[in-house]
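Start at 1 and go down the list; that is how both ligands and their atoms are numbered.
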Amino acid sequence: MKKPLVVANWKLNKTTNETRAFIEELKSYIKDVEESIEVVIAPPFTSLFTAHLATKGSNIKLSAQNVFYEDKGAFTGEISPSMLVDVGCSYVIVGHSERRQYFFETDEIINRKIKSSLKHALNVIFCIGESLKEREEGKTFEILQRQLADGLKEVTPKGLVIAYEPVWAIGTGKTATPEQAEEAHMFIREWLLSKYGVEDGNGIRVIYGGSVTPENIDSLMACHSIEGVLVGGASLKVESFAEIVNFKGRKN
Ligand code: PGA
């Protein structure tokens with residue numbers, strides 16, 4: 001059984017002081033589940049080193065929210081995979097719908113970021129998901145298939161996590177029902193099995209993101225195919241994130 005993965009994506013929120021205070025408090029809230037749940041925090045770049053120091057002595061891991069694919073050079077404003085490793089990250093989120101939408105990241109750019117990150121031994125949380133229009137037009141699987149095929153071109157499976165994040169559920173308070181999430185997760189799993197074979201394909205965790213809250217976490221995590229969650233809004237308050245980490249009902 002894979003360890004469930006619970007990731008806090010803070011997006012453009014929190015100063016260094018807020019980061020330190022959050023992590024100090026979180027440590028005391030999650031003592032009982034630290035061994036059985038993998039907890040990852042993705043603060044903004046400016047808080048990563050503070051978070052690295054604050055998480056020392058705990059099992060909390062660090063993720064960046066973005067990365068560039070080149071390792072060094074004249075790329076003003078960018079951050080490389082090795083810089084993220086240097087500052088204590090073991091994960092990076094790639095292909096989030098906000099990066100696709102507001103920063104024009106294409107499947108090709110995402111693919112380069114994934115390959116470069118994995119090469120530097122960063123685990124990648126690769127986000128995919130359909131928009132409301134695409135869902136209404138019955139194109140959900142077609143979109144997932146394209147994002148998977150293009151994003152994972154020549155990508156090896158080690159260190160890979162897939163986050164299914166329907167765009168219409170992100171920040172909207174509209175969560176996918178457990179049935180909708182399960183259906184998409186099963187499609188993704190089948191795709192991974194056909195690309196990577198049974199052992200490697202099954203080894204990749206598939207997690208859900210989109211309006212996850214303390215209220216809906218138990219029913220989502222009760223689904224066999226949901227192996228963790230990526231949490232935005234509800235990860236900003238330590239009490240609500242701690243409740244999510246302490247979800248109930250997993251049949252391990
Ligand atoms: P949300 O964000 O939980 O606020 O919907 C999830 C995400 O964007 O990863």
Assess the side chains of S131 and E134: does a donor N or O sit below 3.5 Å from an acceptor N or O?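 There is such a pair (donor and acceptor under 3.5 Å, judged by atom type) between the side chains of S131 and E134.
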
Establish, from distance only, whether the side-chain atoms of Y208 and Q180 form a donor-acceptor pair under 3.5 Å.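 Their side chains do not contain a donor-acceptor pair, so the 3.5 Å distance test is not met.
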
Inter-residue atom distance L148.CG - K153.NZ, 0.5 Å rounding: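 If we round to the nearest 0.5 Å, L148:CG and K153:NZ are 13.5 Å apart.
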
Backbone, side chain, both or neither: what part of I170 comes under 4.0 angstrom of ligand 1, heavy atoms only?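 Under 4.0 Å from ligand 1, I170 contributes backbone and side-chain atoms.
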
Ligand 1-proximal atoms of A169, by part, heavy-atom distance under 4.0 Å: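 For A169, the contact with ligand 1 is made by the backbone alone.
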
Closest approach of any protein heavy atom to [atom], naming residue and atom:
atom: atom 3 (O) of ligand 1; value: G232 N, 2.8 Å
atom: atom 9 (O) of ligand 1; value: E165 OE2, 2.7 Å
atom: atom 2 (O) of ligand 1; value: K11 NZ, 3.3 Å
atom: atom 4 (O) of ligand 1; value: G233 N, 2.8 Å

Close-contact set for ligand 1 against [X] heavy atoms, below 4.0 Å:
X: H96; answer: 7 (C), 8 (O), 9 (O)
X: L230; answer: 9 (O)
X: S211; answer: 1 (P), 3 (O), 5 (O)

Side-chain donor/acceptor pairs under 3.5 Å, residues 102-109, sequence neighbours excluded:
from, atom 1, to, atom 2, distance (Å)
E105, OE2, R99, NE, 2.8
E105, OE2, R99, NH2, 3.4
E105, OE2, K113, NZ, 2.6
T106, OG1, E108, N, 3.4
T106, OG1, I109, N, 3.1
D107, OD1, R100, NH1, 2.9
D107, OD2, R146, NE, 3.0
D107, OD2, R146, NH2, 3.2

Are G171 and ligand 1 in contact, using a heavy-atom cut-off of under 4.0 Å?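 Within the 4.0 Å threshold, so yes.
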
Indicate yes or no: does K61 engage E38 in a salt bridge with an N to O separation below 4.0 Å.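 Answer for the salt bridge query: yes.
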
Side chains of V124 and V161: does their closest heavy-atom pair fall under 4.5 Å?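 Of all side-chain heavy-atom pairs linking V161 with V124, none is under 4.5 Å.
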
Suppose we screen for salt bridge (Lys or Arg N to Asp or Glu O under 4.0 Å). Which residues come up paired with K31, at least two apart in sequence or across chains?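 K31 satisfies salt bridge (Lys or Arg N to Asp or Glu O under 4.0 Å) with no residue once adjacent residues are dropped.
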
